[in-house]
Structures are given as structure tokens and as C-alpha cells.
Amino acid sequence: MNEIKLFSPATVANVSCGFDVLGFCLDTIGDEMIIRKTDKKGIHITKVAGFDLPLQTELNVAGVSAIAIYDAAQPDFGFEIEIYKNIKPGSGVGSSSASASGSVFGINELLGRPYSNLELVKFAMKGEALASQSEHADNIAPGIYGGFTLVKSISPLEILELPCPDDLYAVILHPQIEIKTADARALLPKEIPLQDAITQWSNVGSLVHALHTNDYQLLSRSLNDVVIEPHRCALIPGFNDVKNTAIGNGALGCGISGSGPSIFSICKGESTAKSVAATIEILYSKTEIPFEIYISKINTQGIKIL
């Protein structure tokens with residue numbers, strides 16, 4: 001195989017209580033990439049469509065992660081990468097991680113799959129660091145593994161795959177404003193009250209248990225963020241109204257996707273997800289902010305070969 005076309009999905013990180021450790025994979029939003037072998041050695045980004053992102057390899061997250069896997073593999077040929085960007089940068093649903101993950105996944109396939117998913121996450125984190133000034137894997141891991149993942153540790157890197165109840169759907173509201181990850185991180189406190197820490201890790205443990213036992217009500221009670229959301233919600237116009245509307249219309253939980261501005265709602269069943277999406281659309285239409293709404297089943301496969 002000399003060429004591959006793939007779908008690299010959007011992801012939701014943090015999942016309310018799991019700041020920097022929890023994430024899940026979406027199915028209806030994602031970038032497409034074409035990667036091909038070339039006689040010319042090195043990594044060459046030949047096309048970026050959709051958004052104005054650099055073609056220079058060292059300035060593009062897909063290029064930086066591709067360099068990481070290329071330097072490790074040392075092949076006697078090179079790769080060309082075309083990126084068809086459907087995830088808006090700064091949208092809060094893992095735009096940079098989709099680029100970083102897609103390039104390493106595609107190159108690994110063309111190399112004959114010498115690297116494990118864990119190793120692919122390590123390579124992709126190099127690209128993610130270019131976008132957010134820190135190596136973190138809460139978006140990258142669910143994109144590569146699929147479903148829900150928990151980042152047990154960054155050093156050494158350890159990723160836990162979590163089970164996903166069959167009937168979980170996500171509703172994503174994407175207000176067309178940009179919040180940079182670095183700016184959203186700058187808002188966060190360096191220290192938190194002990195009681196908030198206790199509440200937060202109790203929610204993380206309960207959410208993991210809920211996923212293992214298909215306990216939707218426990219899942220709902222666990223989707224509560226007392227540490228990060230109170231500081232970041234002010235960046236997103238109408239956040240509290242959206243959250244109250246989603247939960248009032250049957251969502252199990254609602255929170256900030258990554259560092260925002262996107263807002264996710266987790267629902268049991270497609271019909272509930274459609275109802276939640278419809279009510280959020282009516283609510284947000286009253287603002288002057290353009291927006292998009294997506295409904296997605298949780299994607300348990302991750303990156304897909306097209």
C-alpha cells in the first residue's frame with residue numbers, strides 16, 4: 001500500500017470531571033487526510049483545505065507528529081500529507097489532535113503497522129504540544145483508541161480503554177467563537193480547596209464505574225465539574241442556559257468540551273439526543289452568535305480508513 005485516505009475524528013476531552021485525563025471519540029465530525037509514500041525523503045505537507053494552516057512541516061501539528069514517527073522509523077522514502085480540515089481550530093473538539101493523530105496513524109499503516117496505539121499516542125503528543133504548549137493526551141487517546149479513554153499517566157505514558165454503553169450519544173453545540181487552549185489554561189487556579197478535590201476525584205471514579213456497569217443514572221450524577229468549569233464557563237456566552245436546557249430536556253450531563261467554546265451533552269438514546277439538540281438550537285438562535293450543532297454516537301473505533 002502506497003497511499004491511504006482516512007477519517008480522523010473529533011473528540012471531547014475532560015468530560016466534566018476528568019480534566020486532562022478523560023476523553024471520548026465522536027463519529028460525525030472529523031478531518032480527512034490523504035497520506036502517500038514518496039521517493040523524496042522526509043515529511044511534506046502538500047495541501048491544507050478548509051482552514052488557513054501552515055504548509056511548513058515544522059509549523060503544522062500534523063507535520064510535527066509525522067516527523068516524530070518518521071525519525072523513529074528511519075524509512076528510506078518519504079511521505080506527502082494532504083489535510084482536509086473539517087474541524088475548526090480552537091473549537092474545543094480536538095482539531096489539533098485530529099491532525100496530529102491522523103498523520104501518525106496513516107504513516108504507521110503505510111509502514112506496515114510497526115507501532116502500537118500507545119506509541120502512536122506518544123508521537124502524536126509531539127504535534128499536540130505545538131498547539132497547546134504542553135504534551136497531553138486526553139484528545140489524542142480517544143481519537144486513536146476510540147470510545148472512552150483515561151490517561152493514567154503521561155510519564156510513563158499509560159492509557160486505559162474504558163467500556164462504552166451501547167446507547168450513548170453526544171450533542172455538540174459549537175458557537176462560532178474561538179478560545180485558545182493556552183488562554184483557557186491561563187484562567188485556572190494553581191491550588192483548589194481540598195473539598196473540591198475530593199468531590200472531583202469521587203466523580204471521576206464514579207464515572208468510570210458507571211461506564212463499566214452501564215449505569216446511566218450514576219453516569220449522570222458523575223458528570224459534574226467543581227474545579228475547571230466554574231472558571232471557564234464565563235468564556236462561553238450562554239453556557240449556563242445551555243446546560244440547564246440540555247439537562248432539563250433529558251441529557252445525562254452537559255459540560256465544556258476541552259477548553260471550549262464547544263459544549264457537549266451526553267444523552268441516552270438517539271431520540272433524546274435529537275430532542276436536546278432541538279431545544280438547544282431554539283435557545284441559541286436567540287443569541288447573535290452563529291453556531292453549529294452535531295449529534296454523534298460515541299465512536300468506538302477511532303480513526304477510520306476510508
Side-chain angles (χ1 to χ4, degrees), residues 10-24 26 29 87-96 131-134 136 138-139 170-204 206-207 219-267 273 276-277 279-294 296:
T11 49
V12 169
N14 300 341
V15 197
S16 291
C17 56
F19 178 67
D20 269 9
V21 297
L22 280 173
F24 65 80
L26 298 170
I29 321 166
I87 312 172
K88 183 180 180 181
S91 59
V93 286
S95 178
S96 59
S132 59
Q133 285 79 57
S134 66
H136 56 97
D138 49 346
N139 283 108
V171 177
I172 305 296
L173 168 67
H174 176 208
Q176 298 293 298
I177 60 176
E178 183 174 350
I179 297 175
K180 292 188 181 296
T181 301
D183 294 340
R185 281 182 176 271
L187 288 175
L188 303 182
K190 301 300 181 187
E191 297 178 352
I192 61 173
L194 178 60
Q195 187 56 54
D196 287 347
I198 293 169
T199 299
Q200 197 84 338
W201 64 55
S202 171
N203 284 331
V204 173
S206 299
L207 190 149
L219 181 66
S220 179
R221 298 197 304 276
S222 305
L223 289 167
N224 182 33
D225 178 6
V226 299
V227 173
I228 306 300
E229 186 178 293
H231 297 277
R232 285 184 168 173
C233 65
L235 295 173
I236 306 171
F239 172 79
N240 289 323
D241 290 338
V242 170
K243 182 173 183 176
N244 292 335
T245 297
I247 293 173
N249 284 275
L252 298 172
C254 178
I256 301 169
S257 178
S259 50
S262 288
I263 302 170
F264 76 91
S265 301
I266 293 182
C267 304
V276 167
T279 54
I280 290 175
E281 184 170 10
I282 292 170
L283 173 70
Y284 225 72
S285 294
K286 297 175 183 176
T287 73
E288 296 182 355
I289 301 169
F291 64 93
E292 295 175 342
I293 290 183
Y294 307 92
S296 173

Rounded to the nearest 0.5 angstrom, the SG-CG distance for Cys254 and Leu223 is 9.5 Å
Could you tell me whether the side chain of Ser95 and the main chain of Ile87 form a donor-acceptor pair under 3.5 Å?
yes
Of all heavy-atom pairs linking Gly94 and Asn139, the shortest is CA-ND2, 3.7 Å
Would you check if the side chain of Asp138 reaches a backbone N or O of Ala13 as a donor-acceptor pair within less than 3.5 Å?
no
Over all heavy atoms of both residues, which pair between Phe264 and Ile256 is shortest? Give the atoms and the distance, please.
CE2-O, 3.6 Å
Between Ser16 and Asn203, is any pair of side-chain heavy atoms under 4.5 Å apart?
no
Let me see the working for Leu22 and Asn14 under side-chain contact (heavy atoms from CB on, under 4.5 Å), right down to the final yes or no.
CA-CA 5 Å; Leu22 280 173; Asn14 300 341; over 6 Å; no
Checking side-chain contact (heavy atoms from CB on, under 4.5 Å) against Leu283, which of Asn244, Asn249, Leu173, Val242 comes through?
Val242
Any donor-acceptor pair under 3.5 Å from Ser257 side chain to Gly92 backbone
yes
Scanning both residues in full, the closest heavy-atom pair of Cys267 with Val171 reads SG-CG2, 4.2 Å
Donor-acceptor contact below 3.5 Å, side chain Ser262 vs main chain Ser91
yes
Between Glu229 and His231, a side-chain donor and acceptor under 3.5 Å
no
For the side chain of Asp225 and the backbone of Cys17, is there at least one donor-acceptor N/O pair under 3.5 Å apart?
no
Roughly how far, to the nearest 0.5 Å, is the CD1 atom of Ile177 from the NE2 atom of His174?
8.0 Å
Tightest non-hydrogen contact, residues Glu281 and Phe291, listed as O-CZ, 3.7 Å
Side-chain touch Ile172/Ile263, heavy atoms, less than 4.5 angstrom:
no
Give the intermediate values and the outcome of side-chain contact (heavy atoms from CB on, under 4.5 Å) for residues Leu187 and Leu235.
CA-CA 10 Å; Leu187 288 175; Leu235 295 173; 3.3 Å; yes
Backbone N or O of Asp241 within a donor-acceptor pair of the Thr245 side chain at under 3.5 Å?
yes
Minimum heavy-atom distance between Ala277 and Ile293, given as atom pair plus value
O-CD1, 3.6 Å
For Pro237 and Tyr284, the nearest pair of non-hydrogen atoms, with its separation, is O-OH, 2.6 Å
Whether Lys88 and Glu292 form a salt bridge (side-chain N of Lys/Arg under 4.0 Å from carboxylate O of Asp/Glu) is what I want to check.
no
Drop me the distance from Ile228's CD1 to Leu188's CG, to the nearest 0.5 angstrom.
4.5 Å
